[in-house]
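To start, the structure itself, in structure tokens.
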Protein chains: 2
Amino acid sequence: MQNPPKTLPELKAIVAERYSSLSKRLAQVAQYLLDNPDEIAFGTVAVISKDAGVHPSTLVRFANTFGYSGFSEMQGLFQQELLQDTPSYQERIRLAQQEMHDEGTVQEPHLLNQFVSANTKALEHLAQSVPLRDMERAIDILVNAKATYIVGVRRAFVVSTYFSYALQHIDRRAYLIDGVGGMYKEQASTMMAEDALIAISFYPYADETQNVVVSAIDKKVPLILITDSSLSPLASIAEVCFVVKEAEVHTFRSLSTLLCLAQSLAIGLAYRLENQQKN
Amino acid sequence: MQNPPKTLPELKAIVAERYSSLSKRLAQVAQYLLDNPDEIAFGTVAVISKDAGVHPSTLVRFANTFGYSGFSEMQGLFQQELLQDTPSYQERIRLAQQEMHDEGTVQEPHLLNQFVSANTKALEHLAQSVPLRDMERAIDILVNAKATYIVGVRRAFVVSTYFSYALQHIDRRAYLIDGVGGMYKEQASTMMAEDALIAISFYPYADETQNVVVSAIDKKVPLILITDSSLSPLASIAEVCFVVKEAEVHTFRSLSTLLCLAQSLAIGLAYRLENQQKN
DNA sequence: TAATTTATAGAATAAACGTTCTAAATTTAC
DNA sequence: GTAAATTTAGAACGTTTATTCTATAAATTA
């Protein structure tokens, strides 16, 4: 190796390329290097090697393998990268917009930026608008539920699958009512009063979801509702109701805040269960 | 001096304030410190002192004067500053923490707030790290695809369902390979070279997903991969590869940024199709 | 101006640094 | 299954590190 990469992106590319042919320990370093560039920029050989779980000399060998005289030389790339003016997020948006203006052509700003902006705002709104009390009540219900059923269609189905995944992840009985084989009714029929139902429903409030909820209410199954309006037809019969305003970009509704809420509920539940176990 | 500043902006403010009452050499250091923060972040005492035209020990005295145990402690602030992603984010965290402090009660911050913080940060990172070019290439592939297959299991399944929903929403043929009835192979068997495959795969890289991808590659189906590391086993064979770092709160990985990316792709595709139609 | 305080530079020090060399361990090849 | 080659961890290396201590220089005060 004679021509070591001169910039971090180049190095990363080459490391990724050669990764599969690296020995065990060198691969370990490669992994760490790609995942924790910041640590490498500031850390010492001793600290980094410990953190990456390899011997200090392995770092030097790694650097040598990629053509550097030693670890320090390679480390320089990581420092260099950090020094490159990383303009703040807002500034980048501003620059992008200005660039658009300058070019004269009416083109889209980087779509990702629009989404990030929109979702960030929506997330902040979420934190402000959801009462802590509702979170606690919802978690109460989930703690006491022998099983948790989840229903939601189309866009809401995405959130349903997350709930299903997350709850099973923390060893809760979760049943996703997905209507496979057109069996909404059948899947919902095993719900009992000591269970719980999480329903996610947005305008235009699909009948499938409504029907499942109604049959649950008949059986006195407590309902946690996640919806887009406090005037949603199910809002009044829900034990707990979360009203979530999603970000919207060019008429496309987002899901980030919903997922964020779902996660918070799942982890809140996990905590509660842990604490119960201790006592 | 007992309470040294904990952030670089604070330190800078105090240095400026006390500047006029500093001795000759300390003032020299102050000058240098305010002008060359980056050098201080990475340099050694020897290098910095030489560059600033003072004796090495002067740097230590300077740090002591402002309440630090030594130069290294003060240097930490300069490093920290370089790591900070965006001022806006940092400020939010700081304010939130201060608010907590003001209340007097030392309590766990509202879970939702933790998530919002983590997700916000991850979102901003996403916008910076995903190259516009990759977005365009991915959209190119999706535009040209007669049908789009989507595969992802467990956590990634949530994202898959979103893709499936979003693509069908804009009248694209989208086939979700969900493995219902254990038919991963069968569902994947109808893929053809003029289609496209979106695969979402995270460590520990499920076999189900791998198998589907391999059979797609055999048929020359272009692959758009969304994964968590550029060292992912599928990364090297993908046409386009998005590496997404998800937010993490108490070992629970988030999905917000993934959804954000998915949305951006879907809407980017929708736009492109609209524009094509016009021409 | 002399005395006293304060600030400085230099020497000294021990700890930590990155690196090299070597023997052991592991993998690969036959 | 043995031999060769590669990879590894460990010890040892000379440097460099940040810091402390101290004699000297400068500034301040009386």
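Here is how names work: the chains are called A, B, and so on, in the same order as the sequence lines, proteins then strands, and each is numbered from 1.
The residue among B:Lys24 and B:His55 whose nearest nucleotide of DNA chain D lies closer to the 5′ end is B:His55. Take the nearest nucleotide of DNA chain D for B:Val47 and for A:Ser57: the residue whose nucleotide is more 5' is A:Ser57.
The distance between atom CZ of B:Arg61 and atom C1' of D:dT22, rounded to the nearest whole Å, is 13 Å. For A:Phe62 and D:dT7, the CZ to C1' distance is 15 Å, given to the nearest whole Å.
Side-chain atoms of A:Phe71 and A:Asn64, non-hydrogen and from C-beta on, never get closer than 4.5 Å to each other. B:Gln79 is not listed as a side-chain neighbour of A:Leu82, based on a closest heavy-atom distance of 4.5 Å or more.
Ring pair B:Phe42/A:Phe42: centre-to-centre distance below 6.0 Å.
Listed nucleotides: D:dT8, D:dT17, D:dT20. Nearest to the side chain of B:Ala46: D:dT17. Side-chain atoms of A:Val60 lie closest to C:dT19 of the nucleotides C:dT19, D:dA9, D:dT8.
Taking the ring axis of B:Phe66 as reference, the NZ or CZ atom of B:Arg18 stays within 45° of it and closer than 6.0 Å to the ring centre.
Within the structure, every side-chain polar atom (N or O) of A:Ser23 is placed at least 4.0 Å from both OP1 and OP2 of C:dT27. Residue B:Thr58 has no polar side-chain atom (N or O) positioned under 4.0 Å from OP1 or OP2 of C:dT8.
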